[in-house]
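On a predicted model such as this, the values are computed, not experimentally measured, just so you know.
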Amino acid sequence: MQEDEPGLVRAAQAGDRAALQELLARYVPLLYNLVGRSVSRPADVDDVTQEVLLRVVRDLAELQSPASFRSWLTTIAVHQIGDHFRRLDADAPHSLDEAAESGPAFEDLAVLRLDLQGQQRDLVRSGRWLDPEHRALLALWWEECAGRITRAEIAEALDLGEAHTAVRLQRMREQLEQCRVLVAALDREPLCAGLAEAVDSWNGEPNPLWRKRITRHVRTCVVCLREAEDQLPAARLIAGLQMLPLPAALIAALIGKGLLAPGADQTELAAVTEDEEYYDDEGRWGLAQRAGSAVVVVAAVTLLLFTGGFLYDVSQTPGTRTEMPGQAANLSASIATTSPSPTTPKPTKTAGKPKKKTKTAAAVSPPADGCSPGRSLDRVWADWTMPNSGDGLPDQQRYTVKSDGTVVDEVTCLVWQRAAAPQKYSFTAAQNYCAGLSLAGGGWHLPTRVELTSLIDTTRSGPAIDPEAFPGTPVAFFWTSSPWATAHDPAFAWIVNFYEGLTSNAADESGQNAVRCVQSPAGTGAPDYAIADGQVKDAQTGLIWQRGTSATMAADQAPAYCDNLALGGQKWRLPGVQELATLVDESLVGPAIDRQAFPNTPARGWYWAANRAAPEKGSRWALNYDDGYTNYRDLTSGVVRCVRSA
């Protein structure tokens, strides 16, 4: 939620039409995608979306808590989706074949307009095979993985407790996994003989009846099951999937009903038709509006995560009003082929008392007192103390804000661009932007995964970063320069979601993400761990690690395990999630860690961290050494590797 949103809601309740239109503009993309993933048929999606908005306008005066507008909107959407399916049941056709829709479904449009490939495409298509009640649950879970709504909001929309909500979502996810296997098997060329026979009379339209028939074959067919090997977790893919922009006809209808403003905050674009995408020159999603032969985009909406493909999420609540939200553009757009003109954005100020120590100082050179100008390791490794952001952890984040538009990290000595780049870029264009940035004498580069991880403030969300040191940071995914170790077509790279601090490596390099550049000395080599007595010392970070791994345990048991660990007669603690990230070897997967120093590390085990998740205070952060991604949602068990300072 944006800081000004409660005031905007109150103004709309008082009859301010402009405030109402801006409020709706912020949430129309979220609503459209929530309804679309539930309903599928484009005509029905448009109808239900308008029904929800009209009900919002009708009942807005009854909303008691302006801060809960998004939750209230989501609840209305769920009710209208349910009403839609009840109407369909009342008018049900005599056969499934009669229900087939000749036009493209919402999922087909998403695949086409977002240029989705591989597992990203298959995941979107899998949603069409779900039972209707599970489609609505998928739509809600999808937005949760993207960081645009919370589990508490889902529970409220369903009128359930969070525990019961988790059970409902788990059942949906089990069916979704069946559908993913089914879709992968149907994509095989040629189909296996048994499957070809099974679908001989199928008309090609996904529906629950044929899902059951096809699944009966697929689940026992070695040939079909092989097609689904090495599938990435759905949550990781979902978090990076971009939202589908609204069709021009729907936008025109909303403007005609007075639900969207025809003139405020607009950027003129080239004309488009319903079959074309509409993005502005900065790759920004928008609400297109026809104006003669031109199309205008209402720039109030600033959502979306990852880019182009999927990553591992999400992004987020609507971005800040003052930000220039270079939102995800068509993945086939050619921005990556041009070298952007480097600019030095002017930082904005944010209100509120910072939790971290932030100082102001003069220009930056040298970076900070006591900082060594040299570096011994490659930038993909931390050869500095990793700052922590969780309560009770040492080496808390500290920054010095310079007058030249830079910020010095007093713990790592890294020098950061204070204001994020004014638009979003593809992976290659982001590297070019940083390389050409002339701020503070130049010498900038796109940060590595571990460098950008050092900025995450897990005690905050929306954005998860010190607001005084880095004001105006958009709630968005930010590029790192670290490619994913696994060969992929298209190529993937690591990104960090500054909605809550999630890190993922499933970002399609052709997509669009936010950028913040860094200055740091170059180096070579990897850590030289010292191993003795069941302990591993990392001299660069100053941390000593438990070499082994605990048994599986629940999150609330993890702190006590380290408190009671008697290894070496030392006092141990649960590490911060950013400290866990320093052990990730980006060149490896399954597990992505030095296997000699840390033998028997589970290939896909979650390692509990000391940090609580700001969006869900009851949840604990964890890192998975499958390849190093992080998460806090829906984790029920994990393992522990304790740490202490040298």
Side chains of [X] and [Y]: does their closest heavy-atom pair fall under 4.5 Å?
| X | Y | value |
| --- | --- | --- |
| Leu580 | Trp608 | no |
| Met386 | Thr541 | no |
| Val380 | Val450 | no |
| Thr458 | Tyr632 | no |
| Pro575 | Trp545 | yes |
| Pro467 | Arg460 | yes |
| Val401 | Glu468 | no |
| Glu5 | Tyr27 | yes |

Donor-acceptor pair, side chain of [X] and main chain of [Y], under 3.5 angstrom:
| X | Y | answer |
| --- | --- | --- |
| Gln512 | Phe427 | no |
| Asn33 | Leu244 | yes |
| Gln578 | Thr453 | yes |
| Trp479 | Tyr425 | yes |
| Arg604 | Gly590 | no |
| Thr406 | Val415 | no |
| Glu143 | Leu31 | no |
| Ser461 | Ala614 | no |

So, using side chain to side chain contact (heavy atoms under 4.5 Å, CB included) as the criterion, who are the partners of [X] when residues are at least two apart?
| X | result |
| --- | --- |
| Ala526 | Trp381 |
| Pro233 | Arg236, Tyr629 |
| Thr385 | Asp395, Val411 |

For [X], which residues count as a salt bridge (Lys or Arg N to Asp or Glu O under 4.0 Å) partner, sequence neighbours excluded?
| X | value |
| --- | --- |
| Arg516 | none |
| Asp538 | none |
| Glu153 | Arg70 |
| Arg612 | none |

What's the shortest heavy-atom distance between [X] and [Y], and which atoms?
| X | Y | value |
| --- | --- | --- |
| Asn513 | Ile495 | ND2-CG2, 3.7 Å |
| Leu30 | Arg148 | CD1-CB, 4.0 Å |
| Leu176 | Gly127 | CD1-N, 4.5 Å |
| Ala382 | Thr582 | CB-CG2, 4.1 Å |
| Glu144 | Thr150 | CG-C, 4.4 Å |
| Gly576 | Leu393 | CA-CD1, 3.8 Å |

Which distance, rounded to the nearest 0.5 Å, do you find between the [atom1] of [X] and the [atom2] of [Y]?
| X | Y | atom1 | atom2 | answer |
| --- | --- | --- | --- | --- |
| Leu414 | Arg379 | CG | CZ | 10.0 Å |
| Asp626 | Ile593 | CG | CD1 | 12.5 Å |
| Trp384 | Glu451 | CH2 | CD | 6.0 Å |
| Trp621 | Asn631 | CH2 | CG | 7.0 Å |
| Leu452 | Phe478 | CG | CZ | 7.5 Å |
| Arg398 | Asp466 | CZ | CG | 12.5 Å |

Residue pairs passing the disulfide bond (SG atoms under 2.5 Å apart) test where at least one lies in residues 379-411, sequence neighbours excluded: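 Every pair satisfying disulfide bond (SG atoms under 2.5 Å apart) with a residue in residues 379-411: there are none.
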Step-by-step side chain to side chain contact (heavy atoms under 4.5 Å, CB included) determination, Val518 to His445: CA-CA 6 Å; Val518 68; His445 64 270; 3.3 Å; yes
Is it true that [Y] and [X] share a donor-acceptor pair across their side chains at a distance under 3.5 Å?
| X | Y | value |
| --- | --- | --- |
| Ser619 | Arg151 | no |
| Thr459 | Ser389 | no |
| Thr448 | Ser482 | no |

Worked verdict on Ser504 versus Asn497 for side chain to side chain contact (heavy atoms under 4.5 Å, CB included): CA-CA 8 Å; Ser504 173; Asn497 185 359; over 6 Å; no
Residues Thr480, Thr503; criterion side chain to side chain contact (heavy atoms under 4.5 Å, CB included); working and verdict: CA-CA 10 Å; Thr480 80; Thr503 59; over 6 Å; no
Contact list for residues 581-593, test salt bridge (charged side-chain N to carboxylate O under 4.0 Å, His left out), sequence neighbours left out: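 As it turns out, the salt bridge (charged side-chain N to carboxylate O under 4.0 Å, His left out) pairs with a partner in residues 581-593, which skip direct neighbours, are Arg449-Glu586.
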Of all pairs that satisfy salt bridge (charged side-chain N to carboxylate O under 4.0 Å, His left out), the ones with a partner from residues 470-483, not counting sequence neighbours: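 Pairs touching residues 470-483 that pass the test: none.
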Ring centroid separation Phe598 to Tyr625 under 6.0 Å: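 Between Tyr625 and Phe598, which both carry aromatic rings, the centre distance is not below 6.0 Å.
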With Trp416, the side chain to side chain contact (heavy atoms under 4.5 Å, CB included) member among Ser520, Cys517, Pro447: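 Only one of Ser520, Cys517, Pro447 forms a side chain to side chain contact (heavy atoms under 4.5 Å, CB included) with Trp416, namely Pro447.
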Verdict with supporting geometry, Phe69 and Leu8, side chain to side chain contact (heavy atoms under 4.5 Å, CB included): CA-CA 10 Å; Phe69 177 81; Leu8 203 60; over 6 Å; no
Pairing residues for Glu579 by the side-chain hydrogen bond (donor to acceptor under 3.5 Å, both in side chains) criterion, not counting sequence neighbours: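 With sequence neighbours excluded, Glu579 shows a side-chain hydrogen bond (donor to acceptor under 3.5 Å, both in side chains) to Asn388, Arg573, given in chain and number order.
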Pair Thr601-Arg641, side chain to side chain donor-acceptor pair (under 3.5 Å): steps then yes or no: CA-CA 10 Å; Thr601 296; Arg641 172 169 284 130; 3.1 Å; yes
Which residues share a ring-ring contact (aromatic ring centres under 6.0 Å, His included) with Trp444, sequence neighbours left out: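 Checked Trp444 against ring-ring contact (aromatic ring centres under 6.0 Å, His included); zero matches.
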